[in-house]
Peer 1: 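Attaching a single structure in structure tokens format; questions to follow.
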Amino acid sequence: MPSLSPDQIAFFSAGIAHQIGSVTPEGRPCLVRGLAADIEDDGRVVVLLSGASGFEVLEAIRATRWIALNMTSPATYRSMMLKGSDAVAAAAGASFRGLLETRHAAFRTNLIPLGFTLEYTSSWYSLPDEDIVAIRFTPTLAWNQTPGPGAGQALPLGG
Amino acid sequence: MADSALTLFGVRRMLEGVVPPTMVSVGEDGTPHTNYLSLAEYVDAEHLALSFQFFNQSRKNVLATRRIALSLDDPYTGAGVVLQAEYVRTETSGPVFERLRAKLAGVASHSGMEAVFVLRGADVFRVLEMRYVPGRKELPAALPRCDLAAGARAVSESLAACGDLGDLVDAMMCGLAEQLRIEHAMLWMLEPSCEAMTLLASHGYPERATGAELPLGDGLAGIAAREGVPVRIGHIAQMRIYGRAVRERASQLGLDPLCNAEIPLPGLAEPRSQMAVPLRAMGRVIGVLFVESEHNQFFGYDDEDALMLLCGQFAMSLDRLRAIGEAEAEVPAPVVPAQSGQALRVRRFSQDNSIFLNDDYLIKGVAGAIFWKLVRDYTREQRSEFTTRELRLAGTELRLPDLQDNLDVRLLLLQRRLAERDAPVRIEKTGRGRFRLCVACSLQLIDEMR
């Protein structure tokens, strides 16, 4: 199974923004903001989102299992996308509250120099435990999406 | 699923990129692809345009399956909108392309990456449906800074009441500050050579910079002049980071330093929002109004609309006032001026008509040539009363073929520069098309060849 490099794994905790994309069987694209991501012991990526916000993406994932997760640092514009074709979603509840808050704090810190207030991202992160959903998938492709020459090229996984 | 109350017009501020929009496209093989967008532009109630800069996977997908989803975030309230859109066409010329190209050049100017940020096309999409993102706890919307329509109307009325070029410039600058709450503004006029602009007026800066020059294409103002379209950036901090990311990936590309400015350029040390609006009259760009702020997203689409209208009126008025500038001109009688104090050394370098008062740079170009003629006539003929008509007729002598168009503005520029420098030589308007050279000391003229 391909795995992420230590540098790619470290990026998960770099105070980044997440966007989760998927597609329906009819080819309709959809997306929602993700809130936190991490790597699990089995090498799968787990990404958290609001179930209410992401209803369309969750429905698409249930049908096609495709996911394209973009992660971008507002502090550096470094951007990476991970793709998987085995995504599964499940209610996560309070067990992921800690990860959510840690990631939110790091993300918020990166946004302050850009002129955003501390409370700005709270509009995205103020969700009740019962609305926290986790999507798990095995990353099979990685793409460099940092702007400029080389953007859009596949990145090696592992190593 | 779509929200029928939502309109693209109603969410166009979300396209500004304060929170960068994100796109999902779908490949021919049915796989999704998620990426951030560099630039998005509102086109009309049903269409938006995205910048096409690089050939990459998302571009391939767009051409193959034509369908995208976009996620937009309100930079104030945190509200989200998701829309479905269909690729229609790629434009490589026309107003939408020009606006995107100018905006991209504006981004590049803040990151020194002009060589990398090349717009290949404006991909136009038709919006199929839109909906709000549920499950968010939205913040209250920001209060408007002022009533833009009422403020613009007041400025417009002030402009319409002006019968003099200087008054017109003052009315514009005061109106921006008092009616539209724009605290930092510069008025740049295009040089006859069309290669640079000269600062005619500014407010909100400690520097006295009238007469400063800006090459065409440099900075947001230079880009707006070159492209003839308004350019607005509301999140400069992000753009700098974006540019740094690109630069790190293209370190082999050198950066062109800005020209050596003889008069330092004014400007905020850390601007967060900037907008440049071209002054257009009779189908020509004659200058640019540049405004900036220390706040993010200070200028929106509505500000752009309002300033485009005011700048149009200002440019037309300026053109008109230039045309009637010498209606009351008469041949003046020579007078012997009073002189006192230490002699002022006035040096002219003929190559570019740059003028130095003692060792201090004053001005160059057309304004420099005018000044040299005035002080030369003053010392030779002992007169201080002049008319714009005689300056116009002296255009050949001054070797300034474009003087017809630019005399009044250059004269105003010279007048303001002298006042700003607290120079012992001043220009006073004495009537329509008439003015006086007020000299408080004796002059020593030195014509330097360079």
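Throughout, protein chains are lettered first and strands after them, A, B, ... in sequence-line order, and every chain is numbered starting at 1.
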Peer 1: Could you tell me whether the side chain of B/T34 reaches within less than 4.5 Å of the side chain of A/L69, counting heavy atoms only?
Peer 2: no

Peer 1: For B/S58, is it the side chain, the backbone, both, or neither that has a heavy atom closer than 4.5 Å to a heavy atom of chain A?
Peer 2: neither

Peer 1: With a 4.5 angstrom heavy-atom cut-off, is it the side chain or the backbone of B/N35 that approaches chain A, or both, or neither?
Peer 2: both

Peer 1: Do side-chain atoms of A/Q19 reach the backbone of B/S71 as a donor and acceptor pair under 3.5 angstrom?
Peer 2: no

Peer 1: What part of A/S53 gets closer than 4.5 Å to chain B, counting heavy atoms only: side chain, backbone, both or neither?
Peer 2: both

Peer 1: Is any side-chain heavy atom of A/F116 less than 4.5 Å from a side-chain heavy atom of B/V19?
Peer 2: yes

Peer 1: Under 4.5 Å, heavy atom to heavy atom, which residues of residues 133-140 of chain B contact chain A?
Peer 2: B/V133, B/P134, B/G135, B/R136, B/K137, B/E138, B/L139

Peer 1: When only pairs under 4.5 Å are counted, which of B/A69, B/G30, B/P20 shares the most heavy-atom pairs with chain A?
Peer 2: B/A69

Peer 1: Less than 4.5 Å to any heavy atom of chain A: does that hold for the side chain of B/Q84, its backbone, both, or neither?
Peer 2: side chain

Peer 1: Check whether any side-chain heavy atom of B/Q57 lies under 4.5 Å from a side-chain heavy atom of A/Q145, and answer yes or no.
Peer 2: no

Peer 1: Can you tell which part of B/Y132 gets under 4.5 Å to a heavy atom of chain A, answering side chain, backbone, both or neither?
Peer 2: neither

Peer 1: Let me know if B/D74 has heavy atoms under 4.5 Å from chain A in its side chain, its backbone, both or neither.
Peer 2: backbone

Peer 1: Which region of B/R272, side chain (C-beta onward) or backbone (N, CA, C, O), has a non-hydrogen atom less than 4.5 Å from a non-hydrogen atom of chain A, or is it both or neither?
Peer 2: side chain

